[in-house]
Amino acid sequence: MPRNRAAVEIAVQDVAGVRVALAAGADRVELCVALGTGGLTPSAGLVAAAVEEAAGAGRPDLVHVLVRPRGGGFVYDADELDTTLADVRFARRAGAAGVVVGALDETGRIDRAALERFVAAAGDLDVTFHRAFDTLADQDTAAETLIDLGVTRVLTSGGAARSIDGAGRLRALAQRVGGRLQVMAGGGVRVQDIPELIAAGVDAVHLSARQTVSGPSSGPGGGDAHYDITDPLTVRAAVAATR
C-alpha cells in the first residue's frame with residue numbers, strides 16, 4: 001500500500017499488545033514470544049486470538065508472525081526447518097498478514113533452499129527476513145538474494161547493536177535496493193531515533209515498546225515474577241514521530 005510516511009511495526013507478545021498497537025495507530029505488529037531471547041514463534045492459540053482481534057478492528061493487515069523455532073543461531077537442522085514450515089503454513093491458514101523468517105547455511109550465508117520453501121509456504125503473505133541479516137558479511141549480495149526470492153522486507157539494524165548506530169549502512173542499503181525490497185530499521189530503536197532513521201531512507205521502524213512490570217510471586221520453579229507489557233505511551237510517541 002502506498003504511504004507518505006514510514007510505517008511503525010511493534011513487536012508484541014500477547015493480545016493486549018495487539019490492542020495497544022491498534023489503539024495507538026501502529027501499522028503492523030510482529031507477534032512473538034520470548035523477546036528477551038530475540039523472539040520465538042508464538043503459540044497457535046495466540047496467533048489465532050491476535051488475528052481475530054485485528055480482524056475485529058478492521059485491520060486484517062496488522063498481524064505478522066515471527067517464526068523462529070529456537071534461540072541461538074540461525075543454522076537449522078531438518079527437523080527445525082520442517083517445524084518452521086509447519087508454523088508458516090499455520091500462520092497463513094489462521095489469517096495472518098505476514099510471516100517473519102530467516103535461516104542461514106553453514107557458510108554463514110542465507111540458506112537459499114530453506115528460504116525458497118518458506119516463501120512458497122507463505123503464499124501471498126508478506127515475508128520479512130529478520131535480523132539474521134545483521135550477521136551476514138556480504139549484505140549487498142544477501143539483499144539481492146532476498147529480492148530474487150520475492151521477500152517483501154528485511155529487518156536490520158545496519159549491522160550495529162542499535163539501529164541508530166547503523167544509520168549509515170541502512171541508508172546505503174535503502175539506496176541500493178531502490179524500492180525493490182523494503183528496509184525496516186530494528187534493533188534498540190528509541191522514539192528519539194526515529195526522525196534520523198527516517199532521514200536515512202528506511203521504509204519502516206520496528207520497536208518493542210516494552211515495559212517490565214511485576215506480578216505476584218510465581219513460587220519455586222515458576223520463574224521470574226517480572227514480565228513485559230506493551231507501553232501505549234511509547235507506541236503513540238513512535239507513531240507520532242513518523243508523522
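Only a predicted model underlies this, so the values are computations on that prediction, with no experimental measurement involved. Because only heavy atoms are used, hydrogens play no part in the values below, and waters and symmetry mates are left out as well, while side chains stay in. Throughout, residue positions are numbered sequentially from 1 according to the sequence presented.
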Please check if any side-chain donor atom of Arg210 sits under 3.5 Å from a side-chain acceptor atom of Gln13, or the reverse. no

Is there a side-chain contact between Thr128 and Val154, using heavy atoms and a 4.5 Å cut-off?
no

Value for CG (Asp148) from CD (Glu116), rounded to nearest 0.5 Å, stands at 8.0 Å

Heavy-atom closest pair (Ile198 atom, Ala6 atom, distance to 0.1 Å) is CG1-CB, 3.8 Å

salt_bridge(Arg117, Asp82) N-O dist < 4.0 Å: yes

Going only through I, L, V, M, F, W and Y residues with side-chain contacts under 4.5 Å, is there a path from Phe133 to Ile147? yes

So if you build clusters from Ile, Leu, Val, Met, Phe, Trp, Tyr with side-chain heavy-atom gaps below 4.5 Å, do Leu62 and Phe90 land together?
-> yes

dist Ser157:OG -> Met184:CE (nearest 0.5 Å) comes out at 12.0 Å

Heavy atoms of Ala174 and Ala200 approach each other most closely as CB-O, 4.3 Å

Will you find, in the side chains of Thr156 and Arg131, an N or O donor that is under 3.5 Å from an N or O acceptor?
no

Less than 4.0 Å between a side-chain N and a carboxylate O, is that true for Arg5 and Asp27?
yes

Would you say Phe118 and Val127 make side-chain contact, with heavy atoms under 4.5 Å? no

Here the salt bridge (charged side-chain N to carboxylate O under 4.0 Å, His left out) pairs for residues 89-109, sequence neighbours left out, are none

| Under 4.5 Å between any side-chain heavy atoms of Arg153 and Val183, yes or no? | no

CG of Leu146 to CZ of Arg180, rounded to nearest 0.5 Å, is 11.0 Å

Note: Val235 and Ala21 closest approach over all heavy atoms is CG1-CA, 4.4 Å

Quick one: are Val20 and Val12 in side-chain contact, heavy atoms under 4.5 Å?
no

- Is there a side-chain contact between Arg162 and Asp165, using heavy atoms and a 4.5 Å cut-off? yes

Check this for me, if you would: do Glu53 and Arg59 make a salt bridge, where the nitrogen-to-carboxylate-oxygen distance has to be below 4.0 angstrom?
no

Going by heavy atoms in the side chains, are Leu136 and Asp134 under 4.5 Å from each other? no

_Go through it in stages, so that I can follow the logic: the residues are Arg176 and Asp140, the test is side-chain contact (heavy atoms from CB on, under 4.5 Å), and I'd like the CA-CA distance, side-chain angles, deciding distance and then a yes or no._
CA-CA 8 Å; Arg176 176 182 177 84; Asp140 288 345; 3.4 Å; yes

Phe129 and Val151 have their tightest heavy-atom pair at N-CG1, 3.9 Å

Check: Any donor and acceptor pair, going by atom type alone, linking the side chain of Glu80 with main-chain N or O of Asp77 inside 3.5 Å?
Finding: yes

Margin query: Determine whether a donor-acceptor pair (N or O, by modelled atom type, separation under 3.5 Å) exists between the side chain of His206 and the backbone of Ala185.
Written below: no

* Asked: According to a 4.5 Å side-chain heavy-atom criterion applied to Ile, Leu, Val, Met, Phe, Trp and Tyr, with indirect links allowed, do Val191 and Val29 form part of one hydrophobic cluster?
  -> no

### Task
Spell out, yes or no, whether Leu207 and Ile229 are grouped together once hydrophobic residues are joined by side-chain heavy atoms under 4.5 Å, including indirect joins.
no

Quiz item: Transitively linked via ILVMFWY side-chain contacts under 4.5 Å: Val177 with Leu149?
Solution: yes

Value for CG (Asp231) from CD (Gln211), rounded to nearest 0.5 Å, stands at 5.0 Å

Correct closest heavy-atom pair for Ala143 and Leu173 would be CB-CD1, 3.9 Å

| field | Glu144, CD: over 12 other non-hydrogen atoms inside 6.0 angstrom | value | yes

**Study point:** Ion pair Asp126/Arg28, N-O distance below 4.0 Å
**Key:** no

Interatomic distance, CG@Leu197 vs CZ@Arg190, rounded to 0.5 Å, equals 9.5 Å

In a table with atom names and distances, give each donor-acceptor pair under 3.5 Å that connects a side chain of residues 38-51 to protein atoms at least two apart or in another chain.
{"unit_1": "Thr41", "atom_1": "OG1", "unit_2": "Arg68", "atom_2": "N", "d": "2.8"}
{"unit_1": "Thr41", "atom_1": "OG1", "unit_2": "Arg68", "atom_2": "O", "d": "3.0"}
{"unit_1": "Ser43", "atom_1": "OG", "unit_2": "Leu46", "atom_2": "N", "d": "3.1"}

On a heavy-atom basis, the closest approach of Val8 and Val239 is CG2-CA, 4.0 Å

Output for pair (Thr145 OG1, Asp111 CG), nearest 0.5 Å, gives 11.5 Å

So Ile10 and Ser208, do their side chains get closer than 4.5 Å, heavy atoms only?
no

The single option from Val65, Leu31, Leu66 that satisfies side chain to side chain contact (heavy atoms under 4.5 Å, CB included) with Val100 is Leu66

